[in-house]
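Step one of this worksheet: look at the structure below.
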Amino acid sequence: MTETAPGELLPVAFTAYEDRAALARALAAHVAEALRRRIASDGRAALAVSGGRTPTLFFETLSGAPLDWAKVSVTLVDERWVPETSDRSNAALVRAHLLRGPAAAARFVPLYTGAPTPEEGLTAAHAAIADLPQPFAAVVLGMGDDAHTASFFPGADTLATAIDPRTDAKLITARAPAAGEPRITFTIGPLIGADALFLHIEGAGKKAVLDAAREPGDPMERPIRAILLHSPRPLDVLWCP
């Protein structure tokens, strides 16, 4: 754990960029390098990315990176339990903005299985991710205004288990008032176990949320704090105004 003395901020490796384009270029370069390193050592590599509006430009930039995409598997940090025909689907976002150009050669492993509920689809989802190279070469997290990351939402029914690094399951379902649809998400262990772990945030509001989470407090109320507490090294944060 990276917890500091009472009253001190938890450490992060924080880099500010002048705009979204500069951030996207830097993050894409970092992720591509992490993938190259893992391919060089293991012959294949896996990347887990987040959905939402923020990563679109990063996805488009990374899609053109010169690396052996045929040896890369891409999955999601978490997913809303909706089909890819929904405009709320993270999988649809990844297919549209990342899995194109050179990156179209990558293998994509979605988390949504088509079952009526995430609870009914959990076994199939675990089977789908079983062949992903581990640890992840890179994980890119986002963060909401409520300090959620992945589907670690304040008030989620499974939050205590999801943010416990001793949890055996790699995936867990999640239901929370602020989540909208039911969700499926990786638990904290596979995320913080990645070779490279990034938090991509934009805007003064998100920086303020992160700063508040670095202060002493309960991770059940500010779940990004669980990542800060349990990551084996300071979280690599990339931010632009």
Side-chain angles (χ1 to χ4, degrees), residues 1-6 8-14 30-31 34 38 42 45-51 73 75-79 109 111 118-119 122-123 125-144 146-176 178-179 182-201 209-238:
M1 292 172 56
T2 55
E3 180 69 277
T4 58
E8 295 183 16
L9 293 177
L10 290 169
V12 297
F14 186 91
H30 288 316
V31 169
R38 180 56 66 173
D42 290 359
L47 165 66
V49 296
S50 299
S73 295
T75 192
L76 289 155
V77 168
D78 68 322
E79 178 63 285
V109 182
L111 301 181
E119 290 81 8
L122 189 59
T123 298
H126 269 113
I129 67 164
D131 190 44
L132 285 174
Q134 292 291 301
F136 286 118
V139 168
V140 182
L141 299 173
M143 185 186 69
D146 59 358
H148 87 265
T149 192
S151 285
F152 304 163
F153 283 87
D157 58 345
T158 58
L159 180 58
T161 302
I163 64 175
D164 184 346
R166 297 165 297 183
T167 300
D168 291 330
K170 291 186 176 182
L171 296 172
I172 198 168
T173 62
R175 295 171 182 266
R183 309 263 185 137
I184 188 169
T185 183
F186 273 92
T187 56
I188 194 171
L191 302 181
I192 63 173
D195 294 345
L197 177 62
F198 304 99
L199 176 64
H200 174 186
I201 54 173
V209 171
L210 179 63
D211 287 344
R214 294 173 63 205
E215 298 281 2
D218 186 351
M220 295 290 287
E221 297 175 1
R222 295 190 175 101
I224 188 64
R225 184 173 173 79
I227 300 290
L228 300 171
L229 283 167
H230 296 297
S231 175
R233 56 191 175 278
L235 180 62
D236 200 343
V237 181
L238 292 84

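Bear in mind that the values here come from a model prediction, so they are computed numbers and not experimental data.
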Other residues, nucleotides, ligands: >12 heavy atoms within 6.0 Å of Arg222 CZ: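 Atom CZ in Arg222 is not packed in, count stays at 12 or less.
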
Answer yes or no: are there more than 12 heavy-atom neighbours, outside Asp218 itself, under 6.0 Å from its atom CG? yes

Could you tell me the separation between the [atom1] atom of [X] and the [atom2] atom of [Y], rounded to the nearest 0.5 Å?
{"X": "Ile163", "Y": "His230", "atom1": "CD1", "atom2": "NE2", "value": "6.5 Å"}
{"X": "Leu197", "Y": "Ile192", "atom1": "CG", "atom2": "CD1", "value": "8.5 Å"}
{"X": "Ser50", "Y": "Leu199", "atom1": "OG", "atom2": "CG", "value": "8.5 Å"}
{"X": "Leu111", "Y": "His126", "atom1": "CG", "atom2": "NE2", "value": "10.0 Å"}
{"X": "Thr187", "Y": "Leu171", "atom1": "OG1", "atom2": "CG", "value": "7.0 Å"}

Mark yes or no for whether [X], through its side chain, and [Y], through its backbone, hold a donor-acceptor pair below 3.5 Å.
{"X": "His200", "Y": "Leu141", "value": "no"}
{"X": "Arg166", "Y": "Gly189", "value": "no"}
{"X": "Asp157", "Y": "Arg175", "value": "yes"}
{"X": "Arg183", "Y": "Ser151", "value": "no"}
{"X": "Thr173", "Y": "Glu119", "value": "no"}
{"X": "Thr167", "Y": "Ala162", "value": "no"}
{"X": "Ser231", "Y": "Leu228", "value": "no"}

Side chains of [X] and [Y], heavy atoms from C-beta outward: is any pair under 4.5 Å?
{"X": "Glu79", "Y": "Leu76", "result": "yes"}
{"X": "Pro154", "Y": "His148", "result": "yes"}
{"X": "Asp164", "Y": "Ile188", "result": "no"}
{"X": "Ile184", "Y": "Ile172", "result": "no"}
{"X": "Arg38", "Y": "Pro135", "result": "yes"}

Evaluate Lys170 against Gln134 for side chain to side chain contact (heavy atoms under 4.5 Å, CB included), listing each step before the verdict. CA-CA 11 Å; Lys170 291 186 176 182; Gln134 292 291 301; 3.6 Å; yes

Could you go step by step and tell me if Leu235 and Leu10 meet the side chain to side chain contact (heavy atoms under 4.5 Å, CB included) rule? CA-CA 9 Å; Leu235 180 62; Leu10 290 169; over 6 Å; no

Working for side chain to side chain contact (heavy atoms under 4.5 Å, CB included), residues Leu191 and Phe152: CA-CA 12 Å; Leu191 302 181; Phe152 304 163; 4.0 Å; yes

Could you tell me if Thr185 and Asp78 have a donor-acceptor pair between their side chains, going purely by distance under 3.5 Å? no

Parallel under 30°, tilted from 30 to 60°, perpendicular over 60°: which one fits the rings of Phe136 and Phe186?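 The rings of Phe136 and Phe186 stand perpendicular, inter-plane angle above 60°.
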
Write down the atom of [X], the atom of [Y], and the distance for their closest heavy-atom approach.
{"X": "Ala46", "Y": "Pro133", "result": "CB-O, 3.5 Å"}
{"X": "Val209", "Y": "Gly144", "result": "CG1-O, 3.9 Å"}
{"X": "Ala45", "Y": "Ala137", "result": "CB-CB, 4.0 Å"}

Step-by-step side chain to side chain contact (heavy atoms under 4.5 Å, CB included) determination, Phe153 to Asp146: CA-CA 8 Å; Phe153 283 87; Asp146 59 358; 3.6 Å; yes

